[in-house]
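Have a look at the structure below, then the notes.
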Amino acid sequence: MSDRFMQQSLPNPSYDRFIGRTESVNKIVAAIKHKRTFIITISGIGGVGKSAIAIKTANNIILGSESLFNFIIWVSAKKTYLRPEGIIIEEQHFSTLNQLLDVILNVTGFYEFKNLNFKAKREYCLNVLGIDSFLLIIDNFETISKPNEFLEFFEEIGNVCDETKVVLTTRHQLGYSEKIIDIKEFSKSEYIEFFNYLVNEKFKINTPISPKVIDKFFHFTGGVPLATEFLLGQVGIKNPIERLVAKIENKEFARKEEILEFSYNESFELLNPTERKVLFSISLIDNPRLSNVAFTCGIDEIEVEEVLVKLKNLSFINIGNIDSEQTYSSLPLTKIFLEDKLEKDHKTKEELSLKIKEYSDILKIQAFKSHEEFEISNEKEDTSIMFAKAAYKRAQEGDFKNSEEYFAKAKGYNDNEPYVWYYLAKAELDFSNNLQDDYFNKAVKLSKSIKDKEMFLLEWGRALYGAKKHIDATIKLNEAINLNKNNKGTYHVLGKSYYEIGKNLWKKNSYFEMKKNYHNSADAFVNSLYANPSSYFEENSNAVGYHYLAKIYIFIKDLTKAKEFIDKGLKLQPQNFRLRELMDEINDREDRPFSKFINRKRK
């Protein structure tokens, strides 16, 4: 610690003992220390513990040996609190930039300047922030009334205050070149520790609770801390544990609407109509996969994949993979919420149900033709693959103990079966967020089929892209393309990987390397426009490609070329709001010096 006394306005922690989250806290501290990182967002669903993690991080910084900041300023825009007795709605005491300016002046001791007009006060605060080291933490940023006003202020802070950092907790990401720390639900081991803490220390529940009951709570709540605290809080007040478990098994529990409203409603409001349709379709389809979700919603599979990333980030769904096709599942808590929403939206439910039936009829026709035209194989599936599939399915259901046992059996039958290593890699990735390059590598090396090898490389590339290892992703995706130059999906992910590399180099002012990667990205997206397997709807997927190409040419300062690709996209989809927004942005900026546009976007 510095010899200088640290001024701070942190609230008291809401926890007596902080459980787990060590990796998340360490990631946030590392991001704060990074000299090129200015804004850090801690994102995740309501009740997952974002505020608690932010407070813990700040306290770790205060108690640490390094003198990182002389001031830590905390403000909270939280409006609702979930307690065992229900949702508590409080008057929002903080929601405007003017209020933040007052807090800065209070903490730094410059009280006399609070009576200045807004413009003068804002300028004075920038001067104050520029002469010392500050950590600004804004909790529940998604409820701020004018977020852009804050972001513009943060941008100016970044220009004049080298030692100041901003941390935001929010249910959604800003898309503002911030460093994103995505907070997920508790792991199984963390959950058990948290559950026992609530039972034994916080609520002092005397009833013995078996590991099987804890498993049911974990599966039902999905490891969301606040949902668990809400349910066990009811046991502490009046509800016998047996009655609560029975309600969980029947997908019912006291004040259901309150916990659903708190955990999901605000996140649900962040979804546009297309994203909601995708989410609803997943709740209605018996076995949701990329192909039937895309058909049901009437959009391209690539666009579905982009929506799915957002749904996963908001903790609405889990994404898995079986037989080389993505699968989706949601927690029982999420399903109840979606069922409630659909009951109030009969038109959407009827529309999606008709599309699901239509898809089922098409599959029946295709199966009938296949039976007529081809001899059906009677060969039994290899035992090792069968166990590997079963292991993946167990993991998907949350039964990780049996999953591990089945994977062990799969390897015992045939340790050289590539699909065993592929399903093992996917299980680690989908259910533990653990990218195992060794497993993917074994699947590729052991594969004797070019088609399988291509699929393994593509999935490996997608996983690397998701882990933001974009350079490694381009290597694997290019290997996949060398095996098959007609797969649109591979080109699409490759284009996105080069795009992200270029964007990161742009922030570091590595202009020529950035431009090279953007050109590689453009080449990949152009190739994707002409590689159209039957599983893609050409019109929609090409519009997505044109959108990326337009963004690329904006970055490399060719607005004419960018407009050309926007025009091509709009000819395919005149109402595409993303393309229209991009065109409006270019038109708004054309009468300004381009350097100002680029410098603003760099922040």
Side-chain angles (χ1 to χ4, degrees), residues 6 8-11 13 18 20-46 48-64 66-78 94 97 100 103-104 129 132-144 147-184 270 309-310 313-315 433 466-468 500 503-504 506-508 601-603:
M6 180 187 289
Q8 51 92 3
S9 60
L10 289 172
F18 192 81
R21 308 302 199 188
T22 303
E23 183 181 356
S24 296
V25 171
N26 289 342
K27 281 182 179 179
I28 298 166
V29 172
I32 289 170
K33 288 181 179 179
H34 197 286
K35 62 182 180 180
R36 289 197 182 92
T37 303
F38 172 55
I39 297 179
I40 301 101
T41 61
I42 304 173
S43 68
I45 192 173
V48 82
K50 301 182 295 295
S51 303
I53 290 169
I55 294 171
K56 176 65 175 174
T57 302
N59 280 317
N60 280 9
I61 288 171
I62 291 171
L63 297 172
E66 298 177 73
S67 179
L68 297 177
F69 304 101
N70 288 324
F71 294 89
I72 296 181
I73 295 175
W74 169 285
V75 290
S76 180
K78 191 170 285 190
F94 174 83
L97 180 58
L100 175 62
V103 173
I104 292 171
L129 293 170
D132 216 321
S133 55
F134 289 81
L135 177 62
L136 303 181
I137 306 174
I138 300 181
D139 186 34
N140 275 58
F141 187 73
E142 76 277 359
T143 68
I144 292 292
N148 287 337
E149 191 174 44
F150 279 81
L151 293 175
E152 287 172 7
F153 180 63
F154 296 156
E155 185 176 314
E156 290 188 55
I157 293 174
N159 288 331
V160 298
C161 312
D162 293 336
E163 296 183 74
T164 291
K165 299 293 177 80
V166 176
V167 173
L168 311 173
T169 76
T170 175
R171 295 193 184 203
H172 62 100
Q173 299 160 8
L174 304 178
Y176 201 73
S177 299
E178 77 271 26
K179 174 66 178 177
I180 299 164
I181 310 294
D182 193 25
I183 307 300
K184 294 297 183 186
L270 302 173
V309 171
K310 183 172 182 179
N313 287 341
L314 288 171
S315 297
N433 289 321
K468 298 187 179 179
E500 292 297 330
K503 194 164 69 173
N504 290 332
W506 184 45
K507 294 176 195 172
K508 299 174 184 176
K601 296 295 278 186
R602 193 186 302 274
K603 300 298 178 187

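The line from CD of E149 to CD1 of I144 is 10.0 Å long, rounded to the nearest 0.5 Å. To the nearest 0.5 angstrom, E23 atom CD is 10.0 Å from I181 atom CD1. Distance check, rounded to the nearest 0.5 Å: NZ of K50 to CG of D182 gives 10.0 Å. Here E163 contributes atom CD and F71 contributes atom CZ; the two are 12.0 Å apart, rounded to the nearest 0.5 Å. The CD1 atom of I39 sits 14.0 Å away from atom NZ of K179, with the distance rounded to the nearest 0.5 Å. To the nearest 0.5 Å, the span separating CG on L136 from CD1 on I72 amounts to 10.5 Å.
Looking at F18 and I53, their side chains come closer than 4.5 Å, going by heavy atoms from C-beta outward. Contact of the I73 side chain with the I137 side chain is not registered, since no non-hydrogen atoms from C-beta on lie closer than 4.5 Å. For the pair L68/S133, no side-chain contact is recorded, criterion being any heavy-atom separation below 4.5 Å from C-beta on. Contact annotation: the side chain of I32 never approaches that of V29 to less than 4.5 Å [non-hydrogen atoms, C-beta and beyond]. Here the side chains of T22 and V25 are not in contact, with every heavy-atom distance at 4.5 Å or above.
Relative orientation of the F141 and F150 rings is perpendicular, given thresholds of 30° and 60° on the angle between their planes.
Shown here for K165 and K33, the closest heavy-atom pair between the two residues is NZ-C, 4.2 Å. Taking each heavy atom of T37 and A31 in turn, the nearest pair found is CB-O, 3.3 Å. For T164 against L129, the heavy-atom pair with the smallest separation is OG1-O, 3.5 Å. Considering all non-hydrogen atoms of both residues, L168 and V166 come closest at CD2-CG1, 3.7 Å. Of all heavy-atom pairs between D139 and W74, the closest is CB-CZ2, 3.6 Å.
Residues that satisfy the side chain to side chain contact (heavy atoms under 4.5 Å, CB included) test with S24, not counting sequence neighbours, are I183.
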